[in-house]
Amino acid sequence: MSSDLLSVPCVLMRGGTSKGPFFLADDLPADPALRDAFLLDVMGSGHPLQIDGIGGGNPLSSKVAIVGRASRADADVDYLFAQVRVDQRVVDTTPNCGNMLAAVAPFAIEAGLVQARHPQTQVRIHNVNTGKVVVATVQTPGGRVKYRGDTVIAGAPGAGSPISLAFLDAAGTRTGRLLPTGHASERIDGVDASCVDCAMPMVLVPAQALGLRGDEAPARLDADAALLRRLEKIRIEAGHRMGIADAAERVIPKPVLLSPPMHGGTLQVRYFMPQRCHSALAITGAVGIATACATEGTVAQAMLRERDLAKPITLEHPSGTLEVRLERTAAGDAIASVVRTARRLLEGRVFTSLVPECGAASM
């Protein structure tokens, strides 16, 4: 087919409660500026509907995974996550995304980067954004990725095959410390808050301190302009204290509202991305919140009705619940594990209007 548009191989996948295109690193420009220009073009960013691209007009469906051969000996593959803004032409590669992470191992196996084994395959994933390693366990009976199954996760319809994600040494992903400010709890803009960096830099705030019950629907919170302004003020100040000087231009730290559970869980959570409330809960956020529950002096631990952390930590969110299991290694490090599902949705080539000089070798 003759066309003045260039194309790149692409697989659209759902990972957990997120969705986005997956690319092989070798198919994209090596230069970060050219790579980001390509991502903005193919996603259609700068328009609220991303009408001229494949983005879904929502932060949960404007995400990109770039997967390649491992750059370190203790991993099987590299995974770079990119949060592509919807109505702004901005690509942010500072955070990780645990939901998209759920689809990395199946993608890597089917792309030939990892050899599948029977009946399951472990894939050690080096998250380039944070420098941390996550171990994914995928069901591969007969050496083939299994997507169908009976595992149900809140926030995604239907059921699928379980994918276990174990976050190794997740503390200090951005700042190098679990408690970057040196305090488990501190006053920020007149409220008690905890600045935590574990899988994702976050600032945890009791919902009641902002005049909320904590069970409000995301749409109601998104419509509260005064609340969003207050959260942004807290977020930027928290970022400054955590050493994230450009927090105003980044999506980290994430602001998180916590409140006592209403359905038998451990805590109730409202997680922001950061200007919109998540319809469910980010996996990286869940790992960080669970770790905060096990950290003396945090606002999360102060809310716990019981401190038996041998049990799974169940976090109630707008779409249901999410369980996190915490284990301690012999060295005292915490390993957080979650179960997700993923699905391969579409494969083919995505087209870009960029000139060839901005493209990859396969364009």
Side-chain angles (χ1 to χ4, degrees), residues 11-22 60-61 63-67 70 75-81 96-130 132-168 170 199-200 278 280-288 290 312-315 317 319-327 335-347:
V11 176
L12 185 67
M13 299 191 74
R14 175 186 65 77
T17 56
S18 295
K19 179 174 68 174
F22 280 62
L60 296 180
S61 54
K63 300 182 175 187
V64 175
I66 301 171
V67 184
D76 297 311
V77 294
D78 278 0
Y79 154 57
L80 178 70
F81 167 71
N96 182 13
C97 175
N99 276 299
M100 289 287 277
L101 176 66
V104 170
F107 173 81
I109 292 170
E110 295 193 298
L113 295 175
V114 177
Q115 179 67 46
R117 291 176 169 80
H118 174 81
Q120 60 185 27
T121 305
Q122 279 197 345
V123 181
R124 295 179 64 89
I125 301 167
H126 166 221
N127 177 231
V128 179
N129 309 73
T130 63
K132 303 294 185 178
V133 173
V134 180
V135 179
T137 303
V138 185
Q139 303 306 306
T140 50
R144 297 182 60 187
V145 174
K146 183 175 186 285
Y147 290 105
R148 296 179 180 178
D150 301 322
T151 298
V152 176
I153 62 171
S161 180
I163 298 172
S164 173
L165 301 174
F167 290 75
L168 311 182
M200 176 70 70
H278 202 303
L281 176 58
I283 295 304
T284 47
V287 168
I313 293 173
T314 302
L315 302 174
H317 56 75
S319 297
T321 61
L322 196 159
E323 282 193 356
V324 182
R325 291 186 177 273
L326 287 180
E327 299 178 33
I335 297 178
S337 300
V338 298
V339 173
R340 299 277 86 187
T341 63
R343 192 158 79 92
R344 194 176 181 94
L345 302 173
L346 179 149
E347 62 178 283

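What you are looking at is a predicted structure, and each value in this text was computed from that prediction instead of being measured.
Considering only residues two or more places apart in sequence or on other chains, T130 meets the side-chain hydrogen bond (donor to acceptor under 3.5 Å, both in side chains) condition with N127. By the side-chain contact (heavy atoms from CB on, under 4.5 Å) test, V133 is found to be paired with R72, D74, R124, L168, residues two or more places apart in sequence or in another chain being considered. When the side-chain hydrogen bond (donor to acceptor under 3.5 Å, both in side chains) test is applied to T121, the partners found at least two apart in sequence or on another chain are T140. Taking R343 as the reference, R14, L345 meet the side-chain contact (heavy atoms from CB on, under 4.5 Å) condition, with sequence neighbours excluded. F81 is linked by a ring-ring contact (aromatic ring centres under 6.0 Å, His included) to nothing, counting only residues two or more places apart in sequence or in another chain. Among residues two or more places apart in sequence or in another chain, the side-chain hydrogen bond (donor to acceptor under 3.5 Å, both in side chains) test is passed with S18 by K63. Every residue two or more places apart in sequence or in another chain that forms a side-chain contact (heavy atoms from CB on, under 4.5 Å) with A170 is listed here: F167, C198, A199, V287.
The minimum heavy-atom distance linking E323 with P312 is given by the pair OE1-CB, 3.8 Å. A290 approaches L326 most closely through the heavy-atom pair O-CD1, 3.4 Å. Across all non-hydrogen atoms, the minimal contact from S319 to A154 is O-CB, 3.4 Å. Shown here for G143 and A116, the closest heavy-atom pair between the two residues is O-CB, 3.4 Å. Contact record, V152 with A159: CG2-CB, 3.9 Å, taken as the closest heavy-atom pair. Considering every non-hydrogen atom in both P162 and V339, the closest pair reads CB-CG1, 3.9 Å.
The structure places CD of Q120 at 12.0 Å from CD1 of I163, a figure rounded to the nearest 0.5 Å. Of the inter-residue distances, the one linking I283 atom CD1 with L165 atom CG reads 7.0 Å to the nearest 0.5 angstrom. Rounded to the nearest 0.5 angstrom, K19 NZ and M13 CE are separated by 13.0 Å. Interatomic distance, CD of Q139 versus OG of S164, reported as 9.5 Å (0.5 Å rounding). Going from atom CD1 of I66 over to atom CG of L80 covers 5.0 Å, rounded to the nearest 0.5 Å.
Evaluation of the salt bridge (charged side-chain N to carboxylate O under 4.0 Å, His left out) test over residues 142-164, restricted to residues two or more places apart or in two chains, returns none. For residues 100-109, no pair satisfies side chain to side chain donor-acceptor pair (under 3.5 Å), with sequence neighbours left out.
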### Message
Quick one, I125 with D76, criterion side-chain contact (heavy atoms from CB on, under 4.5 Å). Give me CA distance, side-chain angles, the key distance, then yes/no.
### Response
CA-CA 6 Å; I125 301 167; D76 297 311; over 6 Å; no
### Task
Please step through side-chain contact (heavy atoms from CB on, under 4.5 Å) for the pair V123 and V77, ending with a clear verdict.
CA-CA 8 Å; V123 181; V77 294; 4.2 Å; yes
### Query
What do the steps show when you test L346 against V11 for side-chain contact (heavy atoms from CB on, under 4.5 Å), and what is the final call?
CA-CA 6 Å; L346 179 149; V11 176; over 6 Å; no
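Tested against L322, the residues V338, T314, I153, I313 include a single side-chain contact (heavy atoms from CB on, under 4.5 Å) partner, V338.
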Which pairs of donor and acceptor atoms, one on a side chain in residues 98-112, lie under 3.5 Å apart (sequence neighbours left out)?
unit_1 : atom_1 : unit_2 : atom_2 : d
N99    : OD1    : T17    : N      : 3.1
N99    : OD1    : R340   : NH1    : 3.1
N99    : ND2    : T17    : OG1    : 3.2
E110   : OE1    : Y147   : OH     : 2.6
E110   : OE1    : R344   : NH1    : 3.0

